[in-house]
Amino acid sequence: MPDKMIRRLLVLGGLVIIGLIFTQSYWMVKTWDLKDQEFDLSARKVLLQVARRISKFNQTKLPKKNLIQRTASNYYAVNINSGIDANILEDYLYQEMGNQSLKTDFEYSVFDCSSKEVVYGNYCNLANPDIEIERKDDHPIFSELDYYFVVSFPSRESYVLSNMRMTVLFSIIAILSVIFFLYAMWIVLKQKRLSELQKDFINNMTHEFKTPISSIKLAADVLSKHKDITKDTRLSRYATIITEQNNRLNDQVEKVLNIARLEKDSFELKKVKLNLDETLGEIINNEVIKLEKGSIDLKIIDEKLEIFADQLHFTNVITNIIDNAIKYSTQAPKIIISTLKNQDVIEISIQDNGIGIEKEKIKNIFDKFYRVSTGNVHDVKGFGLGLFYVKNICRAHGWYIQAGSIINKGTKFTIKIPINN
């Protein structure tokens with residue numbers, strides 16, 4: 001993955017994470033406030049109804065102001081103009097809590113006028129009424145009130161939180177998504193570092209190969225021209241083998257270097273206008289020499305077609321495909337190259353009569369290092385870089401390449417070149 005793409009991904013991902021965290025935090029706070037207000041409203045309704053019932057029971061009137069006062073976040077004082085029976089108060093609280101569907105524990109205290117103290121009443125467990133919990137909290141004293149009772153809700157926070165299940169669930173999903181994204185980015189960066197190490201090693205290795213390859217070429221040329229070597233058929237054949245294998249090794253090294261340049265975006269095309277028929281004719285003349293038997297034919301459907309392309313790399317693209325057609329053939333290769341103009345596209349087709357490629361494998365032939373099983377052909381060598389190089393050169397030019405194949409009948413590669421390209 002290119003560095004620019006990774007940087008963009010990191011920046012975009014960071015912005016998404018920040019936005020997600022901010023949005024989720026905002027909605028968590030807003031939902032908490034909303035649920036807390038709902039709880040406060042329900043609690044006040046419960047206490048108001050209890051106050052009215054006590055007032056009716058005592059046949060007194062309720063105060064017109066400051067009937068219910070809330071202190072801190074969890075204490076409610078209810079002002080009553082008469083004495084309060086704790087047992088009746090508890091019964092009323094139970095009943096009204098059920099009427100409002102406020103299913104949470106509560107505890108209450110009653111102000112004793114004679115002692116001027118708040119006397120603890122009871123802890124009421126709605127979930128398990130049969131379980132008695134002794135809990136004595138110091139409820140506040142309201143000096144400006146004469147008759148009142150105090151109610152608190154110890155499980156208020158957990159009750160509010162339990163009513164935020166969906167919000168909490170989405171928050172957990174958001175947190176897991178952030179963790180997954182960070183883990184994925186860690187994997188990507190780790191793989192990138194490993195990929196860069198691999199590329200640096202391959203680049204250094206291939207560059208180191210260039211010097212001995214040049215030296216071997218020079219020595220082989222001298223040997224092949226020496227009069228003692230040319231007189232000896234066996235030695236002359238050895239010199240030829242050295243030259244051929246050295247050229248093959250040099251081609252592989254150049255291929256690796258070109259792919260490295262493509263992946264680093266340091267690749268520059270030197271486009272020139274090419275006469276397609278003449279260029280393909282020259283390529284065929286050079287490739288025919290490699291054939292001991294068979295043929296390579298050029299079929300011109302539309303004449304005088306011209307394209308803008310890097311001549312060296314265009315030649316390498318066609319040569320790679322022809323070389324594969326020759327290598328992957330169990331009989332005399334018969335290769336047909338044809339050109340035609342199809343509306344606003346120039347098509348170059350290369351058809352062979354080789355062993356063919358299975359349908360499920362043909363989609364992978366342009367992948368890096370991928371090599372198709374050669375079946376009965378055992379002398380095919382290479383790194384699996386040829387068609388990867390071909391695809392990337394076509395992509396760099398803005399061309400499209402596709403392949404079709406039939407087992408034991410051959411393979412056809414088609415390069416589509418937009419005329420406006």
Check: Do the side-chain N and O atoms of N320 and Y389 include a donor-acceptor pair separated by under 3.5 angstrom?
Finding: no
Margin query: I'd like to know if the side chain of T31 reaches the main chain of M28, judged simply by a donor and an acceptor atom lying under 3.5 Å from each other, with no hydrogens or angles considered.
Written below: no
Notebook entry, point to check: Just wondering, do F106 and Y108 contact through their side chains at under 4.5 Å, heavy atoms?
Noted result: yes
Next item on the list: State the CD-CG distance between E306 and D277, to the nearest 0.5 angstrom.
Entry: 9.5 Å
Item checked: salt bridge (charged side-chain N to carboxylate O under 4.0 Å, His left out) partners of residues 79-101, not counting sequence neighbours, each pair once -> R53-E96
Checklist line | P418 versus W399, closest heavy-atom pair with distance | finding: CD-CD1, 4.1 Å
Checklist line | Minimum heavy-atom distance E157-W32, with the two atoms named | finding: O-CH2, 3.7 Å
Item checked: Electrostatic pair D352:K412 at N-O distance under 4.0 angstrom -> no
Note to self: For the NZ atom of K103 and the OG atom of S155, what is their distance to the nearest 0.5 Å?
What the structure shows: 15.0 Å
Check: Which pair of heavy atoms, one from A396 and one from L269, lies closest together, and at what distance?
Finding: O-CD1, 3.5 Å
Notebook entry, point to check: Quick one: are I84 and Y148 in side-chain contact, heavy atoms under 4.5 Å?
Noted result: no
Notebook entry, point to check: Between R44 and D40, is there a side-chain N and carboxylate O pair less than 4.0 Å apart?
Noted result: yes
Next item on the list: Answer whether the closest heavy-atom distance between the side chains of L291 and I326 falls below 4.5 Å.
Entry: yes
Next item on the list: First locate atom CG of L67, then atom CG of N79, and finally report the distance between them rounded to the nearest 0.5 Å.
Entry: 7.0 Å
Check: Are any of the side-chain heavy atoms of F366 and I401 separated by less than 4.5 Å?
Finding: yes
Next item on the list: To the nearest 0.5 angstrom, please state how far the CG atom of L274 sits from the CD atom of E282.
Entry: 9.5 Å
Check: Taking only residues two or more places apart in sequence or in another chain, which ones pass side-chain contact (heavy atoms from CB on, under 4.5 Å) with N246?
Finding: I213, I216, K217
Next item on the list: For atom CH2 of W27, decide whether the heavy atoms of other residues, nucleotides or ligands shown that lie under 6.0 angstrom number more than 12.
Entry: no
Check: Any idea which heavy atoms bring A403 and I365 closest together, and the distance?
Finding: CB-CD1, 3.8 Å
Notebook entry, point to check: Once you round to the nearest 0.5 Å, how far does CG of N364 lie from CG of L387?
Noted result: 12.0 Å
Item checked: Rounded distance (nearest 0.5 Å) linking atom CD of Q49 with atom CD of Q100 -> 7.5 Å
Item checked: Side chains of I362 and E358 in contact at under 4.5 Å (non-hydrogen atoms) -> no
Check: If we only count heavy atoms from C-beta on, is the I348 to T414 side-chain gap below 4.5 Å?
Finding: no
Next item on the list: Mind checking side-chain contact (heavy atoms from CB on, under 4.5 Å) for F22 and listing every partner two or more places apart, or none if nothing turns up?
Entry: none
Which donor-acceptor pairs under 3.5 Å do side chains of residues 331-347 form with protein atoms, sequence neighbours excluded?
| unit_1 | atom_1 | unit_2 | atom_2 | d |
| --- | --- | --- | --- | --- |
| Q331 | NE2 | N353 | O | 3.3 |
| N342 | ND2 | E347 | OE2 | 3.3 |

Next item on the list: Compare every heavy atom of S42 with every heavy atom of L102, then report the nearest pair and how far apart it is.
Entry: CD1-CB, 4.0 Å
Checklist line | Nearest non-hydrogen partners of I357 and I407, listed with the distance | finding: C-CD1, 3.5 Å
Check: Checking H397 side chain against F308 main chain: does a donor-acceptor pair fall under 3.5 Å?
Finding: no
Note to self: Can you confirm whether more than 12 heavy atoms, excluding those of E292, are under 6.0 Å from its CD atom?
What the structure shows: no
Notebook entry, point to check: If only atom types and distance count, is the side chain of S55 paired as donor or acceptor with the main-chain N or O of A51 below 3.5 Å?
Noted result: no
Note to self: What I'd like to find out is whether the side chain of V78 reaches to under 4.5 Å of the side chain of V50, using heavy atoms alone.
What the structure shows: no
Notebook entry, point to check: Is there a donor-acceptor pair closer than 3.5 Å between any side-chain N or O of S329 and the backbone N or O of G354?
Noted result: no
Margin query: Within the 3.5 Å criterion, strictly below it, is a donor on D105 or Y123 matched to an acceptor on the partner's side chain?
Written below: yes
Next item on the list: Quick one: list whatever passes side-chain contact (heavy atoms from CB on, under 4.5 Å) with L176, sequence neighbours left out.
Entry: I172
Notebook entry, point to check: So, do F413 and I322 sit near enough that their side-chain heavy atoms are less than 4.5 Å apart?
Noted result: no
Check: So, does N275 use its side chain to make a donor-acceptor pair with the main chain of E278 at under 3.5 Å?
Finding: yes
Item checked: ring pair (Phe, Tyr, Trp, His ring centres under 6.0 Å) contacts in which one or both residues fall within residues 35-69, not counting sequence neighbours -> F39-F153, F39-Y159
